[in-house]
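Convention: sequence-line order gives letters A, B, ...; per-chain numbering from 1. Quick note: numbers below take in every heavy atom, side chains included, and nothing from hydrogens, waters or symmetry partners.
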There are 2 protein chains.
Amino acid sequence: MSKASERAYSQIRAMILSGALPAGAQLGEEALAERCGVSRTPIRDALRRLEGELLVKRSGTQRTFVADWSLDDVGDAFELRAMLEGHAARRAAERMTDPQIKRLREANRVIGAAVRASPPDVEGFLEGNREFHAIILQAAASPRLAALLGTLIEQPVIWRTAHHYGREALLRSFGEHDELLAAFARRDGPWAEAVMAAHIRRAYHAYADAHTGLAVIDRQLAHG
Amino acid sequence: MSKASERAYSQIRAMILSGALPAGAQLGEEALAERCGVSRTPIRDALRRLEGELLVKRSGTQRTFVADWSLDDVGDAFELRAMLEGHAARRAAERMTDPQIKRLREANRVIGAAVRASPPDVEGFLEGNREFHAIILQAAASPRLAALLGTLIEQPVIWRTAHHYGREALLRSFGEHDELLAAFARRDGPWAEAVMAAHIRRAYHAYADAHTGLAVIDRQLAHG
DNA sequence: CTGCTCTACTTTGTATACAATACACCCTGC
DNA sequence: GCAGGGTGTATTGTATACAAAGTAGAGCAG
């Protein structure tokens with residue numbers, strides 16, 4: 001898995017996460033092989049890994065698709081993420097080093113700048129967010145927890161959410177990070193856990209509201 | 001993945017779970033292929049899946065081993081399992097149908113019989129336990145939760161634990177299942193969650209105690 | 001026109017051959 | 001005797017050919 005297989009895995013995942021391969025799209029091994037410039041063998045390896053991460057789904061037999069998430073699925077994922085990442089935050093608060101806190105502050109500074117831009121820089125916001133959460137996960141120092149959360153966090157639907165946010169939602173999210181930073185700074189594990197869980201549940205509600213609204217609009221467009 | 005690959009996956013997993021392939025053992029694709037009567041291709045597929053479940057580990061490049069768990073790893077896994085399976089119990093309690101409760105009672109009856117046998121039938125106890133927890137996970141009706149828990153539950157170290165239990169520990173575990181059943185019967189989600197989490201944490205403590213004791217004995221044997 | 005069936009094609013599963021890589025052992029030189 | 005390099009071997013990575021299975025589409029019958 002040194003070269004081609006690893007590269008194929010990254011490429012396919014990037015295509016899914018970026019939306020180049022939309023949810024529900026069929027993944028032909030042959031086509032992917034040609035696209036990545038390798039044979040089907042490393043593609044198969046990559047698809048097995050992505051299947052384990054629930055990023056792709058095998059339709060019984062004979063066909064492979066980009067996983068499609070229902071609203072229930074998304075709700076489940078956010079709830080699990082709230083629980084696990086809350087746990088991660090508690091562990092992180094109990095273990096965090098000063099340099100890590102510094103990196104967290106820097107990541108949050110980037111987020112703040114992105115939020116205050118006109119118009120808000122959603123991509124910058126997302127990038128800062130990933131960094132912020134990645135540092136916390138790293139500080140939690142639990143490989144197993146990281147593995148579980150990885151399959152939840154690295155889902156396109158989880159992050160594309162933010163594109164539907166208004167400025168006030170972005171600002172609120174930013175403020176919650178400040179609260180988290182304060183908890184980390186005083187090594188307050190329980191409070192960090194509570195804030196993190198609430199932070200993620202709030203993100204879900206923002207998503208669900210936006211999604212419902214968009215679904216309504218979609219339906220109106222379809223009928224009118 | 002219809003036939004050979006699936007079979008190879010099950011076989012290898014069974015070998016790991018049963019201890020026929022001990023932790024740290026090297027897994028040669030060629031040898032496994034011969035042992036399963038298939039070519040290396042389905043073996044590779046199977047190993048990729050098992051790698052995703054953290055049952056096997058790839059040593060950088062060039063070698064594959066049965067995953068070896070430190071005591072910290074086990075502690076992490078139990079803590080995560082307590083959290084997630086507690087969540088599963090709550091969801092299950094809110095959704096459980098009467099037939100499912102009946103199946104739970106039956107599984108617990110099997111466990112009770114195994115515990116009361118002389119000597120206690122540990123294999124029967126484990127079988128009933130797997131069934132008991134599987135029904136709950138199914139009733140929780142969250143594929144994502146099932147996927148996460150699957151990688152935690154299906155670890156040999158988690159279950160072989162019970163071989164170190166005394167009769168009183170087995171009986172206590174059995175009694176906690178009764179408590180869970182009662183919570184399910186009255187659809188008491190929060191209580192089911194609390195009991196389940198405590199149940200699993202207690203199982204870990206029994207394991208850690210036994211492990212520490214065994215480690216001490218091992219050391220004494222090594223020195224004497 | 002609709003429904004069914006059969007066929008052809010698409011797609012994945014499996015086997016095998018070959019290449020690359022890392023590890024271990026041995027040989028040589030100091 | 002030890003250290004360093006080099007070669008041989010074991011093991012995984014990759015490509016390709018072939019087999020099996022299923023789906024879609026076309027053609028035919030009712």
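- For Arg90(A), the salt bridge (Lys or Arg N to Asp or Glu O under 4.0 Å) partners are Glu94(A), Glu193(A), not counting sequence neighbours.
- Counting only heavy atoms from C-beta on, Ser39(A) has its side chain closest to dT16(D) among dA15(C), dG13(D), dT16(D).
- A straight line from CZ of Arg7(B) to P of dT14(C) spans 9 Å, rounded to a whole angstrom.
- Rounded to whole Å, the distance from CD on Gln26(A) to P on dG22(D) is 16 Å.
- The interatomic distance linking Glu34(B) (CD) with dT16(C) (C1') rounds to 15 Å, in whole Å.
- When the C1' atom of dT12(C) is taken as reference, atom CZ of Phe65(A) falls 12 Å away, rounded to whole Å.
- Minimum atom distance to the side chain of Val38(A) is reached by dA15(D), of the listed dG13(D), dG13(C), dA15(D).
- Distance Arg44(B) CZ to dG13(C) P: 15 Å, rounded to the nearest Å.
- Annotation for Asp76(A) and Ala141(B): closest pair OD2-O, 4.4 Å, computed over non-hydrogen atoms.
- The phosphate of dT14(D) (OP1 or OP2) has no side-chain N or O of Thr41(A) nearer than 4.0 angstrom.
- The shortest non-hydrogen separation linking Ala89(B) to Ile136(B) is CA-CG2, 4.0 Å.
- Take Glu131(A) and apply the side chain to side chain donor-acceptor pair (under 3.5 Å) test, not counting sequence neighbours, and it matches no residue.
- To the nearest angstrom, P of dT9(D) lies 16 Å from CD of Glu30(B).
- Between the CG atom of Leu32(A) and the P atom of dT11(C) there is a distance of 11 Å, given to the nearest Å.
- Between His177(B) and His199(B), the ring-plane angle classifies as perpendicular under the 30° and 60° cut-offs.
- Using a 4.0 Å heavy-atom cutoff across all strands shown, Ile43(B) reaches no nucleic acid atom at all.
- Residue-to-nucleotide proximity on DNA chain D shows that, of Arg63(A) and Arg40(A), the 5′-proximal contact is made by Arg40(A).
- Look at CZ on Arg58(B): it is 14 Å from P on dA22(C), rounded to the nearest Å.
- Contacts of Leu47(B) with the nucleic acid, taken as non-hydrogen atoms under 4.0 Å apart, are absent.
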